[in-house]
Trainee: 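Here you go, one structure.
Predicted model, so just to flag it, every value in this text is computed and none were measured. Residue numbers start from 1 in every chain, and the chains themselves are labelled A, B, ... in the order their sequence lines are given, proteins ahead of strands.
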Amino acid sequence: MKSGSHSDQPSFSIGVVKEATGLTERRIRYYETLGMLAPGRTQGNQRLYSQGDIDRLKYIKALLDHGVTLKEVRAQLQQEDTATYRHDFDEVERDAESYFQGKLIARRADVHRDSLYPLINRQDIMRRLAREHKDGQGDTKGDH
DNA sequence: CTTCTGACA
DNA sequence: TGTCAGAA
């Protein structure tokens, strides 16, 4: 694995994350207790967020701002995580397969953390939300 | 001064 | 969710 594989390397304090996401510390910590994210910790028990955690929180906030309920956001994240898990599992499986076929070098897969699957998924969701927001202006709910 | 946990309006 | 307390 290379050093700068993708977007993860826990190093941001909750203060930085607060500024970057526009969320309050209260909410950031609350979502964590709900199992929506799991930042690292320093030896002093201080939370350490990765860029991935920040993106995740921004995504959560975006959905919430568009009227999606917390319960729905949680379900969505669960599905994304499951998709990522499967993607990574397949990735490892292919690597193993390639290895046993004697052509290991074929893969330079350092894409285990944040696969593109959830990212593409999020893009679709964001587009859909933007469209719905454009059409149904006077909507408080009813579009799910 | 910043962050943490628990608790209460 | 906001906010306060008391400790680290």
Side-chain angles (χ1 to χ4, degrees), chain A residues 1-99 104-144:
Chain A
M1 298 105 195
K2 269 307 180 66
S3 48
S5 50
H6 268 282
S7 57
D8 275 303
Q9 180 76 171
S11 55
F12 305 106
S13 69
I14 194 169
V16 173
V17 176
K18 181 217 302 175
E19 294 302 311
T21 65
L23 288 168
T24 62
E25 295 181 27
R26 178 76 169 78
R27 291 173 69 184
I28 295 172
R29 297 194 183 106
Y30 180 54
Y31 300 149
E32 182 185 336
T33 69
L34 295 181
M36 297 169 82
L37 47 357
R41 295 275 180 154
T42 65
Q43 283 187 272
N45 199 41
Q46 302 276 102
R47 272 168 261 251
L48 277 187
Y49 299 85
S50 64
Q51 182 56 55
D53 291 324
I54 293 178
D55 293 338
R56 197 182 177 80
L57 285 168
K58 284 185 176 178
Y59 177 56
I60 292 172
K61 184 180 186 300
L63 263 46
L64 255 23
D65 288 345
H66 277 282
V68 179
T69 66
L70 203 54
K71 183 180 181 182
E72 294 170 331
V73 176
R74 293 179 65 185
Q76 178 57 37
L77 289 176
Q78 184 262 56
Q79 284 188 46
E80 289 183 12
D81 291 341
T82 298
T84 300
Y85 172 79
R86 287 175 178 159
H87 175 274
D88 290 355
F89 186 84
D90 291 343
E91 192 97 358
V92 174
E93 198 168 58
R94 290 200 208 84
D95 284 342
E97 200 170 302
S98 300
Y99 176 76
L104 173 62
I105 310 176
R107 266 180 180 294
R108 191 74 290 178
D110 49 19
V111 196
H112 285 192
R113 270 296 167 119
D114 46 354
S115 71
L116 297 179
Y117 281 13
L119 296 182
I120 292 174
N121 198 348
R122 292 181 187 181
Q123 286 176 26
D124 284 341
I125 293 174
M126 295 306 285
R127 273 197 289 276
R128 175 161 173 280
L129 288 175
R131 174 172 58 69
E132 294 179 349
H133 187 275
K134 179 183 179 182
D135 301 333
Q137 280 294 296
D139 72 287
T140 306
K141 64 188 293 93
D143 49 76
H144 286 171

Trainee: Report the residues that fulfil side chain to side chain contact (heavy atoms under 4.5 Å, CB included) with A:Asn45, sequence neighbours left out, ordered by chain and then residue number.
Mentor: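 In terms of side chain to side chain contact (heavy atoms under 4.5 Å, CB included), with neighbours along the sequence ignored, A:Asn45 is linked to A:Arg41.
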Trainee: What does nucleotides 2-9 of chain B look like as a protein-contact string, B for base, S for sugar-phosphate only, - for none, at under 4.0 angstrom between heavy atoms?
Mentor: -SSB----
Trainee: Tell me, please, which residues at least two apart from A:Glu25 pass side chain to side chain contact (heavy atoms under 4.5 Å, CB included).
Mentor: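 Checked A:Glu25 against side chain to side chain contact (heavy atoms under 4.5 Å, CB included); matches are A:Ile14, A:Lys18, A:Arg29.
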Trainee: So do the side chains of A:Arg122 and A:Arg127 get within less than 4.5 Å of each other, counting heavy atoms only?
Mentor: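 They are not in side-chain contact.
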Trainee: Does any donor atom in the side chain of A:Gln76 or A:Glu72 lie under 3.5 Å from an acceptor atom in the other side chain?
Mentor: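 The criterion, which ignores hydrogens and geometry beyond distance, is not satisfied for A:Glu72 and A:Gln76.
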Trainee: Partners of A:Arg26 by side-chain hydrogen bond (donor to acceptor under 3.5 Å, both in side chains), sequence neighbours excluded?
Mentor: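 So A:Arg26 forms no side-chain hydrogen bond (donor to acceptor under 3.5 Å, both in side chains) with any residue.
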Trainee: Checking A:Ser11 side chain against A:Gln9 main chain: does a donor-acceptor pair fall under 3.5 Å?
Mentor: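 Yes: the side chain of A:Ser11 pairs with the backbone of A:Gln9.
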Trainee: Of all residues at least two apart in sequence or in a different chain, which pass the salt bridge (charged side-chain N to carboxylate O under 4.0 Å, His left out) check with A:Arg47?
Mentor: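 A:Arg47 satisfies salt bridge (charged side-chain N to carboxylate O under 4.0 Å, His left out) with A:Glu32 once adjacent residues are dropped.
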Trainee: Are any protein N/O atoms closer than 3.5 Å to N/O atoms in nucleotides 5-7 of chain C? If there are, list each pair with its distance.
Mentor:
none

Trainee: I'd like to know if the side chain of A:Asp65 reaches the main chain of A:Ala62, judged simply by a donor and an acceptor atom lying under 3.5 Å from each other, with no hydrogens or angles considered.
Mentor: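 No, the answer is negative, given that no donor and acceptor are paired below the 3.5 Å cut-off.
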Trainee: Would you tell me if any nitrogen or oxygen in the side chain of A:Tyr30 comes within less than 4.0 Å of OP1 or OP2 on C:dT3?
Mentor: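 No, outside the criterion.
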Trainee: Given C:dT1, is OP1 or OP2 found less than 4.0 Å from the side-chain N or O atoms of A:Thr24?
Mentor: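 Looking at the OP1 and OP2 atoms of C:dT1, neither is under 4.0 Å from any side-chain N or O of A:Thr24.
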